[in-house]
K.L.:
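What follows is a structure written as structure tokens; I'll ask about it next.
None of the values given here were measured: they were computed from a predicted structure. All ligand and atom numbering here is 1-based and tracks the order in the structure.
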Amino acid sequence: MDEREAEAARRAILSGWITMGPEVAAFETEFAAGVGSRHACAVSSGTAALHLALLAAGVRPDDEVVTASFSFIATANAIRYCGAVPVFADIDPATFNLNPERVEAAITAKTRAILCVHQMGMPCDLAALREISGRRGLRLIEDAACAAGSEIRDGGQWERIGKPHGDLACFSFHPRKVLTTGDGGMITTNDPAWDRQLRLWRHHGMSVEPHERHAADHVICESYEALGYNYRLTDIQGAIGRVQLERLEGMVTRRRELAARYGELLHRVDGVTAPVEPAWARSNWQSYCVRLADRFDQRSVMQRLLDGGVATRRGVMCAHREPAYPQGSWRSGPGGLRASEDAQDRCVILPLSTEMTDAEQETVVETLRRALCSVS
Ligand SMILES: *Cc1c(COP(=O)(O)O)cnc(C)c1O
């Protein structure tokens, strides 16, 4: 962020309308236009977006939702907020995304929905998952937390993630993602009834939206139509989001250049596999995740990199291995979760930012090459 976001925040603060006002409404309209969805509902976080999308999809206590364990923990947590049980299907080791065959095998009579993840911004196999959800009568919800600006080829043309290609798509605007408002989230859908429901829930279930009451020439008393939540986004964040949206294409273009360059540079490094982008997918490269050959210890490599001045992160976690996921709080689909656990243990996220220079990138790759030589 720079002066442009600071100026937008200032404009919102001095406008006298601090939350759920014209900036949030404009952010929603512009976001929907950008991804090609009919509706977009702003909320306070990606997690809030997932929670409300699952509720809108009809997920209720004791239902099952098939999803990935190999994801940020909020994906599975949102299922449990609904009182439902996450059923974890394994991933494809090449793309780190759900393996559709494993998803189908995990479906039971209790399954209500599939919650797929565009992991680290890489689109998952939506065509296969949509075919399965359609045939089995299930809802398909996209955890697109990391995927603002990612694209998928659908019916011969490139479309933004969020159109949505399932029933509802959920975004996060945490600073770890490409587009940020500090904190925040968005739910896109083409169904006006769902959109209305989401707007009710995010604002305590209140029957009147703030702008309606503000514009009314007669007294309106609200009622509370449903058990709602406080999942609002502020106008300060909305104003920042609108600037970030203008920057999105430029940020994604630079990230794609850097990712392509990593691919070339890593060719020369033995023992590292670069991430795979399917022909029908264009990632926004929110994270650039490489896999280390079995002979390397992940922690030692990361430590050597840190000693050499390069900060990396362990690849994505597995929710089912965390203390918050005791036996009985989740299930695994047939075939287990070997590829998920292996990806957690073998992968390292390399630095990739819009501001990164080519020289810095070369330093990262050279430091990685030396780290691998010294630990093997
Ligand atoms: C970041 C993230 C979330 C949570 O988003 P918040 O805005 O932090 O609540 C959910 N799912 C995935 C895959 C994420 O990467």
K.L.:
Identify, with sequence neighbours excluded, every residue that meets ring-ring contact (aromatic ring centres under 6.0 Å, His included) alongside Y81.
P.N.:
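ring-ring contact (aromatic ring centres under 6.0 Å, His included) check on Y81 returns H51.
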K.L.:
Does R261 pair with E257 as a salt bridge, N-O distance under 4.0 Å?
P.N.:
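Judged by the 4.0 Å cut-off on N to carboxylate O distance, R261 and E257 do not form a salt bridge.
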K.L.:
Suppose we screen for side-chain hydrogen bond (donor to acceptor under 3.5 Å, both in side chains). Which residues come up paired with E23, at least two apart in sequence or across chains?
P.N.:
R11, R242
K.L.:
Check the side chains of Q237 and T234 for a donor-acceptor pair under 3.5 angstrom, ignoring hydrogens and angles.
P.N.:
yes
K.L.:
For ligand 1, run through the N/O pairs with the protein that fall under 3.5 Å and put one pair on each line.
P.N.:
{"residue": "ligand 1", "atom": "5 (O)", "partner": "S172", "partner atom": "OG", "Å": "3.3"}
{"residue": "ligand 1", "atom": "7 (O)", "partner": "G46", "partner atom": "N", "Å": "2.8"}
{"residue": "ligand 1", "atom": "7 (O)", "partner": "S172", "partner atom": "OG", "Å": "2.6"}
{"residue": "ligand 1", "atom": "9 (O)", "partner": "G46", "partner atom": "N", "Å": "3.4"}
{"residue": "ligand 1", "atom": "9 (O)", "partner": "T47", "partner atom": "N", "Å": "2.9"}
{"residue": "ligand 1", "atom": "9 (O)", "partner": "T47", "partner atom": "OG1", "Å": "2.5"}
{"residue": "ligand 1", "atom": "11 (N)", "partner": "D143", "partner atom": "OD1", "Å": "3.3"}
{"residue": "ligand 1", "atom": "11 (N)", "partner": "D143", "partner atom": "OD2", "Å": "2.8"}
{"residue": "ligand 1", "atom": "15 (O)", "partner": "K177", "partner atom": "NZ", "Å": "2.7"}

K.L.:
Could you name each residue pair satisfying side chain to side chain donor-acceptor pair (under 3.5 Å) that touches residues 296-317, not counting sequence neighbours?
P.N.:
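Listed by first then second residue: D297-S300, Q303-D307, R304-S374.
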K.L.:
Judged by modelled atom types alone, do H165 and E159 share a side-chain donor-acceptor pair under 3.5 Å?
P.N.:
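There is such a pair (donor and acceptor under 3.5 Å, judged by atom type) between the side chains of H165 and E159.
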